[in-house]
Amino acid sequence: MAKKELLIYAHYYIPDTASTGQILRELAEGMLDKFDITIICVVPSYLGTIEDKYKTQKYYEEEINGVKVLRIRVPEFSKTNKKSRVKNIVSYFFGAMVATFKVGKMDYVFSISQPPILGGLLGVWGKWVKHAKYIYNIQDFNPEQVLAVGYTKSKLITDAMMWFDKFSCKRSDLVITVGRDLVETVENRFKGKKVPKTVMINNWIDENEIYPLDESNEKVLVFKKKYGLDGKFVIMYSGNIGLYYDLENLIKVVEKIKPGTKTADGQEVVFAFVGAGSVLDKLVFYVKEHHMDNVTFIPYQDKADLIYSLNAGDVHWCVNAKGIKGVSCPSNVYLKLSVAA
């Protein structure tokens, strides 16, 4: 029997380090026995910069591990500059709309809630253009998320965001959320009336790729030595250093642990932040200003090296900002649990 055709709108896809890109890679490759899969995404650009080889064409066609990938060129951006981020996101949105005509017949369309609001609308667009069934995967609820952290105070903007995302939910054939509390949020949005069909499928981690290693593992030791963590007791935050994790308050808590503080067995306590994001510069500035010599910032690690960086942590933070319950799930908890001995 011929395979069904599945189109996935994924703002980011491998080799980008965005967690959603990694999850969608595992999802797509895991379904290749049932579907022919096409991904519409941006050129690798999660950290804001773009390689020269992706700057000459509007679209790039690739195949990665059996998955067809159609990439859209977008402008470079800074995570701390709202205008450049908006320009980047809007370029992806309209580029993806046009790219939809570049792929053939589709039986199913799958989109995620990234970028906020626009990810859902892309799924609706794909459903209409391809006359396909539409599955909307909500990783984070907006405008609820931006309201929780006070990203905008404009009621006009947040009301419009709510209208459009409810529209995407209504037009979907199935809504998938990644946590039980998030199912309740869908029901609350519609006040129990004409609630779209909704199920919960949590995110995951491939336990064949990320798992506990012995503390004497050579590559773990190399990583710790490279960043000055060898012989130390490492308390680590690994992931997106962004708006929704209350990291600006967390760094104030870290400040109370003075440099040179030791554990009962004599190990010096240090703090490592691994990743990048919109509040990274603020954290770096705060640490320098307060002479927090026990804090180290480490860039995102390649997927192949993630197992070693995670195993370098003795304790891992898993945090969310106040008000995020029922709005977003800290899915990097699966990464951290996967290296727990």
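Across Ser168 and Gly120, no two heavy atoms sit closer than the pair OG-C, 3.2 Å.
Evaluated for a side chain to side chain contact (heavy atoms under 4.5 Å, CB included) with Val254, the options Val269, Asn249, Val295 yield exactly one hit, Val295.
Annotation for Lys303: atom NZ counts as buried by contact number, over 12 foreign heavy atoms lying within 6.0 Å. Taking a 6.0 Å sphere around CD of Glu63, one finds it holds more than 12 heavy atoms contributed by other residues, nucleotides or ligands. When the shell of 6.0 Å around NZ of Lys58 is examined, it contains more than 12 heavy atoms from other residues, nucleotides or ligands.
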Identify each donor-acceptor pair in which a side-chain atom of residues 92-106 lies under 3.5 Å from a protein atom, sequence neighbours left out, and give them as a table.
from   : atom 1 : to     : atom 2 : distance (Å)
Thr100 : OG1    : Tyr9   : OH     : 2.7
Thr100 : OG1    : Ala96  : O      : 2.8
Thr100 : OG1    : Met97  : O      : 3.4
Lys105 : NZ     : Asp107 : OD1    : 2.6

Can you give me every donor-acceptor pair (side chain of residues 47-55, partner residue at least two apart or in another chain, under 3.5 Å) with its distance?
from  : atom 1 : to    : atom 2 : distance (Å)
Tyr54 : OH     : Glu62 : OE2    : 2.6

Residues 235-242, side-chain donor-acceptor partners within the protein, below 3.5 Å, at least two apart:
from   : atom 1 : to     : atom 2 : distance (Å)
Tyr237 : OH     : Asn240 : O      : 2.7

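Between Pro330 and Val319 there is no side-chain heavy-atom pair separated by less than 4.5 Å. No side-chain heavy atom of Gln22 sits under 4.5 Å from any side-chain heavy atom of Glu209. The side-chain heavy atoms of Cys329 and Leu182, taken from C-beta on, include a pair separated by under 4.5 Å. Contact annotation: the side chain of Phe167 approaches that of Leu121 to within less than 4.5 Å [non-hydrogen atoms, C-beta and beyond]. In this structure the side chain of Ser91 never reaches within 4.5 angstrom of the side chain of Val42, judged on heavy atoms. A heavy-atom distance below 4.5 Å is found between the side chains of Val186 and Phe141. Here the side chains of Ile210 and Leu335 are in contact, with some heavy-atom distance below 4.5 Å. Annotation: side chain of Phe164 is not in contact with side chain of Leu118 (no heavy-atom distance under 4.5 Å).
Under the 3.5 Å distance criterion, with hydrogens and angles disregarded, a donor-acceptor pair is assigned to the side chains of Gln139 and Asn203. In the model, Tyr12 has no side-chain atom that pairs as donor or acceptor with a side-chain atom of Thr17 under 3.5 Å.
With a 4.5 Å cut-off between side-chain heavy atoms of Ile, Leu, Val, Met, Phe, Trp and Tyr, the cluster of Val67 takes in Leu6, Ile8, Tyr13, Ile14, Ile23, Leu24, Leu27, Met31, Leu32, Phe35, Ile37, Ile39, Ile64, Val69, Tyr108, Phe110, Ile112, Ile135, Leu174, Ile176, Val199, Ile201, Trp204. Other members of the cluster containing Val183 are Met200, with ILVMFWY side chains joined at under 4.5 Å, either directly or via other members.
Taking OH of Tyr334 as the start and SG of Cys318 as the end, the distance is 9.5 Å to the nearest 0.5 Å. Taking OH of Tyr300 as the start and CG of Asp16 as the end, the distance is 10.0 Å to the nearest 0.5 Å. Of the inter-residue distances, the one linking Ser45 atom OG with His11 atom NE2 reads 6.5 Å to the nearest 0.5 angstrom. To the nearest 0.5 angstrom, Thr185 atom OG1 is 7.0 Å from Asp181 atom CG.
In summary, Asp246 and Lys322 do not engage in a salt bridge, as defined by a charged side-chain N under 4.0 Å from a carboxylate O. A salt bridge links Asp173 to Lys127: one of the charged nitrogens lies within less than 4.0 Å of a carboxylate oxygen.
Asn311 places a side-chain N or O within 3.5 Å of a backbone atom of Ile307 that can act as its donor or acceptor partner. Of the possible polar contacts, one joining the Ser113 side chain to the Asp140 backbone as a donor-acceptor pair under 3.5 Å is found.
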(message) Before you tell me yes or no, could you show the steps for Lys4 and Lys133 under side-chain contact (heavy atoms from CB on, under 4.5 Å), namely the whole-Å CA-CA distance, both residues' side-chain angles and the distance that decides it to 0.1 Å?
(response) CA-CA 11 Å; Lys4 296 288 187 180; Lys133 297 286 187 182; over 6 Å; no
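In this structure, Lys166 forms a cation-pi arrangement with Phe190, its terminal cationic atom sitting closer than 6.0 Å to the ring centre and no more than 45° off the ring axis.
Among pairs with a residue in residues 266-294, those fulfilling side chain to side chain donor-acceptor pair (under 3.5 Å) read Glu255-Tyr286, at least two apart in sequence or across chains.
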